[in-house]
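Notes to accompany the following structure.
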Amino acid sequence: MMVGQSDRRTVGRTIVLLGLLSVGPTVRPSDAQCPDGSSPPCRVAARTAAPASNSVAVLYFDNLSRDTADAYLADGLTDEIITRLGQVERLTVKSGSAVRRFRGVATDDPAGLGRALGVAHLVTGSVRRIGSGLRVTVELVRAATGVHVWGEQYDRGDADVLAVEEAVSRAVVTGITGRLLPGERATLASRPTTSTDAFDHFLRGNHFLAQRVVARAVNEYELAALDPHFADALARSALGYGLSLDWDLYPGVPPDSLLARGEAAAERALQLNPRSSDAWMARGYLLSFRHPLTYEGGAEALQRAIALDPRNAEAFQFRGVTLFELGDDSAAAEALHHALAIDPLRPITLQYLGRREIIAHRYAAALRWLDSALTVDPGFAIALGHRLRVRLLQGDTAQARRDAQVLAGMGVNDFGLTASALALVEAHTGDTLAARARLDRELSTSAVGGLGYRRAAWLVVGLLAAGETERALGLLEGLRPSRRLWDVLRFPEFDTVRSNPRFQRLVEASRPR
């Protein structure tokens with residue numbers, strides 16, 4: 001199945017969570033900030049205009065099953081309906097990231113939700129597992145008045161989520177537009193797989209990938225790919241391998257093995273569906289690991305993904321990140337703004353724009369972007385970590401300490417983020433002994449050769465703040481040269497060692513070819 005125009009199904013959610021650590025509370029509609037980093041009201045006239053009559057938001061369905069593990073069904077069905085509706089050109093469909101902010105918000109004020117989302121229609125629903133089957137209840141209402149347009153209860157003894165998804169999508173399009181066109185009927189009837197079991201594994205994989213349990217996610221995708229024609233599962237599996245390489249999320253497996261598995265999955269997906277935007281995107285992503293200094297072929301693959309689906313916000317995101325790592329910051333920002341134009345509430349994109357401002361030493365602008373990312377997703381740990389670093393660069397240790405306390409309360413420490421952030425605050429407030437002890441504990445968990453560049457980058461920043469320059473440089477010298485490392489070395493915290501010959505050699509060895 002081709003990816004929809006208005007949402008990248010769970011890929012967007014995956015990268016937000018993998019980029020990362022999204023565990024925070026739901027944001028109230030009144031809390032939202034504008035995608036340009038400014039405070040509401042946003043400086044775009046269209047945001048104050050009446051919503052288009054063909055606009056709709058599918059709110060995340062409630063999981064009414066006794067087993068909370070069935071949440072993957074409710075989320076997966078919602079994402080799939082968003083994707084299918086997004087393939088209907090006559091509809092304007094809100095992205096998953098836009099509606100995700102309203103998860104758990106009461107739906108007894110449809111007019112308020114409609115205004116907050118800028119849509120004329122709302123779809124709500126629930127999912128309950130009954131034995132081996134499903135009961136799905138769905139309703140379509142006019143947001144401004146709350147008037148019921150359509151509703152249905154589906155009892156599927158065979159738990160065929162695809163059948164329910166197709167039926168709901170047809171009914172929603174008919175309820176909004178009055179009738180289905182022949183091409184739309186065919187589009188909505190298309191299925192990525194004929195196997196309900198394979199599709200169930202696919203939804204489970206999406207759920208685990210969103211929760212950053214990458215090994216389990218990839219395992220589920222591989223089970224889904226037991227249907228040898230399920231290209232979407234293979235493309236998602238390839239993406240999972242790329243993310244695991246990028247974020248050090250698959251411990252105990254050699255990087256070369258992960259890369260080979262990912263490349264094989266992407267190749268098979270493209271053999272099945274040469275027009276799969278997601279498969280080309282995964283291929284471009286993986287090529288950046290195959291050729292870490294040149295990214296040979298990666299840019300072309302990402303361009304292909306965008307050409308196949310110009311509404312692929314995630315492909316624009318990957319392209320933007322790739323251009324940042326090549327040092328073309330202007331073109332990178334343009335690509336990221338394209339992603340925001342498609343999906344204005346993408347925390348990972350807002351964070352990357354803030355990251356660009358940090359590298360440029362424009363700290364006030366960086367804070368606006370990072371604040372916006374955290375407004376959309378208060379549990380976005382890496383944005384919080386970058387904001388903490390900006391606070392310290394500005395000399396605002398009190399605010400940095402507050403951010404560190406919030407980060408520590410999240411209970412996560414992937415790629416050394418929390419330990420390094422706490423050590424940074426300790427070092428900047430004069431307690432270098434505590435900072436060094438904390439970093440020593442973190443470094444003792446893995447050898448230098450086993451560190452990915454992200455973990456190493458955060459630890460090195462902490463070591464430099466604690467006055468451990470020689471250890472910091474030694475840690476960097478143990479890494480494989482790559483343009484990702486070159487990009488990291490542009491951060492302001494490295495200004496104190498830029499004249500050091502060892503550091504200069506690191507920069508030159510990692511400079512993009």
Side-chain angles (χ1 to χ4, degrees), residues 1-14 54-65 70-103 107 110 113-114 117 119-129 134-141 143 148-156 159-177 180 184-193 196 199-200 202-207 210 232 236 278 311 313 343:
M1 178 172 60
M2 290 300 293
V3 182
Q5 293 182 354
S6 63
D7 188 66
R8 303 306 305 159
R9 198 163 48 202
T10 329
V11 175
R13 178 176 61 182
T14 296
N54 65 341
S55 57
V56 59
V58 184
L59 300 178
Y60 272 89
F61 287 13
D62 294 324
N63 173 36
L64 301 184
S65 301
D70 284 340
Y72 83 92
L73 273 174
D75 286 357
L77 181 58
T78 306
D79 288 325
E80 291 297 318
I81 291 172
I82 291 172
T83 294
R84 281 191 183 254
L85 294 178
Q87 294 172 340
V88 178
E89 293 185 359
R90 291 192 295 156
L91 293 186
T92 299
V93 187
K94 278 294 174 179
S95 68
S97 62
V99 298
R100 198 168 297 118
R101 300 181 302 124
F102 300 91
R103 187 195 300 273
T107 58
L113 284 171
L117 284 161
V119 295
H121 299 86
L122 297 170
V123 177
T124 60
S126 63
V127 178
R128 184 193 302 271
R129 191 186 292 277
L134 290 177
R135 171 169 292 170
V136 181
T137 303
V138 191
E139 183 181 25
L140 171 68
V141 301
H148 171 95
V149 177
W150 162 84
E152 187 65 77
Q153 179 174 288
Y154 300 89
D155 287 309
R156 300 291 306 188
D160 189 349
V161 177
L162 281 165
V164 175
E165 170 202 327
E166 179 185 342
V168 170
S169 300
R170 285 200 311 264
V172 169
V173 176
T174 302
I176 295 175
T177 67
L180 280 173
E184 294 168 347
R185 189 179 303 277
T187 295
L188 296 178
S190 65
R191 290 191 174 198
T193 176
T196 57
F199 194 69
D200 187 73
F202 182 71
L203 295 183
R204 290 177 187 270
N206 291 342
H207 177 75
D232 284 0
R236 193 63 56 80
D278 273 1
R311 298 291 296 172
D343 187 355

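A143 approaches G114 most closely through the heavy-atom pair CB-CA, 3.8 Å. For T78 against A74, the heavy-atom pair with the smallest separation is OG1-O, 2.8 Å.
Side chains of V161 and L203 form a contact here, defined as non-hydrogen atoms less than 4.5 Å apart. Contact of the E184 side chain with the V173 side chain is registered, since non-hydrogen atoms from C-beta on lie closer than 4.5 Å. Between E166 and R191 the shortest side-chain heavy-atom distance falls below 4.5 Å. Side-chain atoms of L180 and L188, non-hydrogen and from C-beta on, do get closer than 4.5 Å to each other. Using a 4.5 Å cut-off on side-chain heavy atoms (C-beta onward), R128 and L134 make no contact. Within the 4.5 Å cutoff, the side chain of D62 has no heavy atoms near those of the V127 side chain. Inter-residue side-chain proximity for L122 and L140 is flagged as unmet; no heavy-atom pair is nearer than 4.5 Å.
Taken from CG in D155 to CZ in R135, the straight-line distance is 4.0 Å, to the nearest 0.5 Å. Atom CZ of R101 and atom CG of L59 lie 11.0 Å apart (nearest 0.5 Å). Taking CG from D79 and OH from Y60, the interatomic distance works out to 3.5 Å, rounded to the nearest 0.5 Å. Here the CG-OG1 distance, from L162 to T193, works out to 7.5 Å after rounding to the nearest 0.5 Å. For the atom pair CZ (R100) and CZ (F102), the distance works out to 12.5 Å, reported to the nearest 0.5 Å. Taking CG from D200 and CG from L73, the interatomic distance works out to 6.0 Å, rounded to the nearest 0.5 Å.
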- request: Given side chain to side chain contact (heavy atoms under 4.5 Å, CB included), test D75 with F61 step by step and report yes or no.
  value: CA-CA 7 Å; D75 286 357; F61 287 13; over 6 Å; no
query: Is there a side chain to side chain contact (heavy atoms under 4.5 Å, CB included) between I82 and V99 once you walk through the steps?
result: CA-CA 10 Å; I82 291 172; V99 298; 4.1 Å; yes
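Scanning for salt bridge (Lys or Arg N to Asp or Glu O under 4.0 Å) contacts around R129 gives D70, with sequence neighbours left out.
In the model, N63 has no side-chain atom that pairs as donor or acceptor with a side-chain atom of Y72 under 3.5 Å. Counting only N and O atoms by type, the side chains of S95 and D343 include a donor and acceptor under 3.5 Å apart.
Under a 3.5 Å cut-off, the side chain of K94 and the backbone N or O of L117 do form a donor-acceptor pair. Distance alone, capped at 3.5 Å, is enough to place a donor-acceptor pair between the N54 side chain and the R90 backbone. Panel note: side chain T196, backbone D160; no donor-acceptor pair is recorded below 3.5 Å.
R236 has no carboxylate O lying under 4.0 Å from a charged side-chain N of D232, or vice versa, which leaves the two without a salt bridge.
Checking V172, V123, V141 one by one against W150, the side chain to side chain contact (heavy atoms under 4.5 Å, CB included) holds for a single residue, V172.
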